Amino acid sequence: LEGIIAKKSSSTYAPDLRSKDWLKIKVNQRQEVIIAGFTKNEDTVKQFSSLLLAVYENGQLQYVGKVGTGFSDKLQKEMMAQFKPLITDKSPFETIPDVNKPSRFRPNPPKAKATWLKPELVCEVSFSEVTSDGVFRHPSFDGMRTDKKAKDVVRETAVDTEAIIEEKDQPEDKHAKALKPPKEKERKTLLNPKDETQVRKICGHDLKFTSLSKIYWPEDKVTKRDMFNYYYRVAEYILPYLKDRPMSLNRFPGGIHGPSFYQKNVKDKAPDWAKTFPYTTSNGEDKLYLLGTDEASLLWMASLGCIEMNPWFSRAQSPDNPDYCVIDLDPDKNTFDQVVEAAQEVRKVLDAIGVPSFPKTSGSTGIHIYIPLDSKYSYDQSQMFARIIVKLVHQQIPGYTSLERMVSKRKGKMYLDFLQNRPGATIAGPYSLRPKPGATVSMPLTWDEVKPGLTMKDFTIFNATDRLKETGDLFKGVLGKGIDLVKTIKKAQSIFDVDGE
DNA sequence: GACGTCT
DNA sequence: AGACGTCAACGCAAT
DNA sequence: ATTGCG
Ligand SMILES: [Mn+2]
Ligand SMILES: [Mn+2]
């Protein structure tokens with residue numbers, strides 16, 4: 001048994017971070033809204049990039065934000081047919097909303113052109129909360145509503161009720177406060193800034209955190225304590241990508257410049273509550289992988305000095321069937337703008353054959369692109385598909401990319417790594433920290449963000465949680481509906497010159 | 001980083 | 001109690 | 001059998 005010792009913390013600081021307050025499952029709100037227009041980004045092939053949403057407030061049309069996710073290409077086509085007759089060059093709003101509103105975390109939003117619609121169509125969206133300027137956070141499209149008149153669409157939550165009361169500077173009304181939905185609290189920090197050793201109860205298990213002021217990232221003055229606090233705060237985002245996955249532990253007990261080593265076997269090491277996955281090595285030894293499960297397993301890994309989180313592509317329930325295929329761009333003597341170019345080339349190829357793709361910075365030097373497979377295929381099939389894609393990409397940009405396995409044969413060109421799609425192989429998962437100067441994070445992106453000027457240090461331990469509050473989990477689709485490989489490969493063969501070999 | 005053994 | 005030593009991947013393919 | 005590779 002590993003040394004996680006049950007001991008009451010003597011610290012007076014530690015508040016009860018485990019009050020059920022934050023344990024509540026985040027329930028999205030839903031409401032009907034009017035479609036008042038749509039935007040189309042400069043580069044996209046889609047019908048539209050987002051819908052501009054509105055509700056009536058005091059008889060006036062009020063902008064409540066936009067939604068850019070939740071519709072398939074097919075649905076978009078049908079919707080566009082409904083939009084066409086309603087297009088108008090006059091904004092239905094009294095004051096024209098800023099649909100390209102930049103923010104601290106998306107300083108260069110893609111240029112989106114707005115098209116206005118007569119406010120007649122109604123749809124339903126879900127969202128996590130309403131921001132202080134009255135727009136939806138993390139909106140997602142749930143479908144059209146044909147049974148509802150646009151004129152009847154008003155705000156459904158009590159949030160605005162309170163906002164209006166405050167605006168008019170009325171005395172606070174207890175009743176209004178009671179109606180207010182529970183505010184999505186920003187998660188508190190796990191560990192206090194003082195004690196070198198602290199014990200916390202996580203998922204019912206006492207975890208001990210030691211050497212908390214040890215500097216893990218000296219260039220950035222980031223400590224082990226900072227690392228724990230980070231994983232604690234991103235837990236809800238990262239855990240879906242670790243859950244039930246065997247983990248390769250890559251340990252850096254002395255920080256990012258100290259010696260490091262891999263650990264796969266946690267037999268007789270993991271605490272008794274940890275879930276494990278048995279495997280047998282090629283020379284017949286029985287070992288146990290740690291499975292990602294919950295916050296306790298996440299923080300226990302971190303406490304071993306695992307700066308990175310390296311999950312399998314498949315889960316224990318179906319270990320031979322990956323949930324996604326990965327195209328891993330590994331630059332050598334390339335600029336990051338070239339990595340961006342290559343990533344967009346991957347996207348173009350995938351777009352052409354109707355395959356959704358999800359990009360993220362690796363946090364180290366490259367970019368990872370995930371393709372959802374929904375564990376319908378084998379690793380071999382996934383790798384075959386990845387090989388087809390990178391071959392096509394390489395044909396487009398042979399000047400600075402390479403498919404050579406041997407580094408010396410790559411001649412400084414970027415490796416289009418498809419071989420990582422094999423059992424037992426891993427890469428740093430989404431939201432993982434990396435043991436690199438800058439305390440970088442492997443950050444999921446929208447494709448609009450994958451453009452020249454992007455840098456690895458845009459996303460770090462310092463800004464990741466703030467960004468997540470704004471963007472939500474951009475990788476949701478990765479664990480969603482998988483592609484149809486058979487159809488897709490056929491389509492690729494019809495469009496491109498795919499050589500089978 | 002954790003554990004066993006030695007002084 | 002503290003110092004010290006030891007351990008902590010793996011599969012595949014090219015050479 | 002050893003090395004290179006992620
Ligand atoms: Mn890589
Ligand atoms: Mn790679």
Side-chain angles (χ1 to χ4, degrees), chain A residues 1-5 7 196-199 206-216 223-225 227-228 246-256 258-272 274 276-290 299-308 310-314 319-320 322 325-332 362-368 378-380 382-383 386-387 390 402-410 413-429 432 434-436 442:
Chain A
L1 215 75
E2 195 85 3
I4 304 274
I5 287 132
K7 196 177 124 205
E196 268 306 278
T197 295
Q198 297 173 43
V199 176
D206 279 341
L207 287 188
K208 187 159 97 173
F209 302 97
T210 62
S211 310
L212 292 174
S213 296
K214 179 181 276 188
I215 304 221
Y216 265 22
T223 62
K224 199 176 163 192
R225 174 191 288 105
M227 181 177 84
F228 291 129
M247 300 293 300
S248 271
L249 308 183
N250 190 6
R251 299 176 56 184
F252 291 76
I256 70 170
S260 71
F261 56 92
Y262 279 91
Q263 179 174 10
K264 293 186 171 176
N265 185 17
V266 296
K267 199 173 184 179
D268 304 324
K269 298 282 199 300
D272 53 9
T276 55
F277 177 76
Y279 69 108
T280 307
T281 51
S282 49
N283 46 38
E285 290 171 289
D286 286 334
K287 301 187 168 181
L288 295 176
Y289 273 96
L290 180 72
L299 292 171
W300 182 68
M301 286 189 270
S303 78
L304 294 178
C306 297
I307 291 174
E308 297 183 341
N310 290 299
W312 278 21
F313 299 1
S314 54
D320 301 323
C325 172
V326 173
I327 310 288
D328 173 20
L329 307 182
D330 289 334
D332 185 2
S362 76
S364 180
T365 62
I367 286 180
H368 298 152
S378 66
Y379 275 100
D380 266 357
S382 174
Q383 186 178 102
R387 168 189 258 124
V390 296
S402 166
L403 302 180
E404 291 291 346
R405 194 164 143 70
M406 229 197 316
V407 173
S408 60
K409 287 189 180 171
R410 292 181 200 160
K413 294 175 179 179
M414 181 186 332
Y415 183 42
L416 308 179
D417 187 355
F418 60 95
L419 288 174
Q420 213 65 352
N421 296 290
R422 66 184 200 271
T426 61
I427 59 175
S432 174
R434 302 305 303 274
K436 300 286 172 186
S442 181

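In what follows, chains carry the letters A, B, and so on, assigned in the order in which the sequence lines appear, proteins first and then strands, with residues in each chain numbered from 1. All figures in this text were calculated on a predicted structure; none of them were measured in a lab.
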Open item on the list: To the closest 0.5 Å, what do you measure between CD1 (A/Ile327) and CG (A/Asn421)?
Closed with: 6.5 Å
- [ ] Go through the steps to decide whether A/Met247 and A/Tyr289 satisfy the test side chain to side chain contact (heavy atoms under 4.5 Å, CB included), and finish with yes or no.
- [x] CA-CA 6 Å; A/Met247 300 293 300; A/Tyr289 273 96; 5.8 Å; no
Task: Outermost DNA chain C nucleotides near chain A [under 4.0 Å, heavy atoms] - done: C/dA8 to C/dT15
Task: Euclidean distance, atom CZ of residue A/Phe261 to atom P of B/dG1 [Å, nearest integer] - done: 9 Å
Open item on the list: List the residues meeting side-chain contact (heavy atoms from CB on, under 4.5 Å) with A/Asp417, not counting sequence neighbours, and say none if there are none.
Closed with: A/Asp328, A/Asp330, A/Tyr415, A/Leu419, A/Gln420
Open item on the list: With rounding to the nearest 0.5 angstrom, report the OG1 to CG distance, A/Thr280 to A/Asp286.
Closed with: 4.0 Å
Task: Flag for A/Asn283-A/Thr281: side-chain donor and acceptor within less than 3.5 Å - done: yes
TODO: Rounded to whole angstrom, note down the P distance from C/dA8 over to B/dC3.
DONE: 15 Å
Task: C1' spacing across the pair D/dG4 / C/dA9, given as an integer number of angstrom - done: 15 Å
TODO: Name the nucleic acid region contacted by A/Phe418, choosing base, sugar-phosphate or nothing; use a 4.0 angstrom heavy-atom cut-off, strictly under.
DONE: nothing
Open item on the list: Once you apply a heavy-atom cut-off of 4.0 Å, does A/Thr281 come out as touching a base, just sugar-phosphate, or nothing?
Closed with: sugar-phosphate
Open item on the list: How about NZ on A/Lys436, more than 12 heavy atoms from neighbouring residues, nucleotides or ligands closer than 6.0 Å, or not?
Closed with: no
- [ ] Report the distance from atom CD of A/Glu196 to atom OG of A/Ser211, rounding to the nearest 0.5 Å.
- [x] 6.5 Å
TODO: Using a 4.0 Å heavy-atom cut-off, write out nucleotides 1-6 of chain D from 5' to 3' as B (base contacted by protein), S (sugar-phosphate only) or - (no contact).
DONE: ---BSB
Open item on the list: On the nucleotide B/dG1, are OP1 or OP2 found under 4.0 Å from the side-chain N or O atoms that A/Lys214 carries?
Closed with: yes
Task: A/Cys306 side, atom SG; A/Gln263 side, atom CD - distance, nearest 0.5 Å - done: 7.5 Å
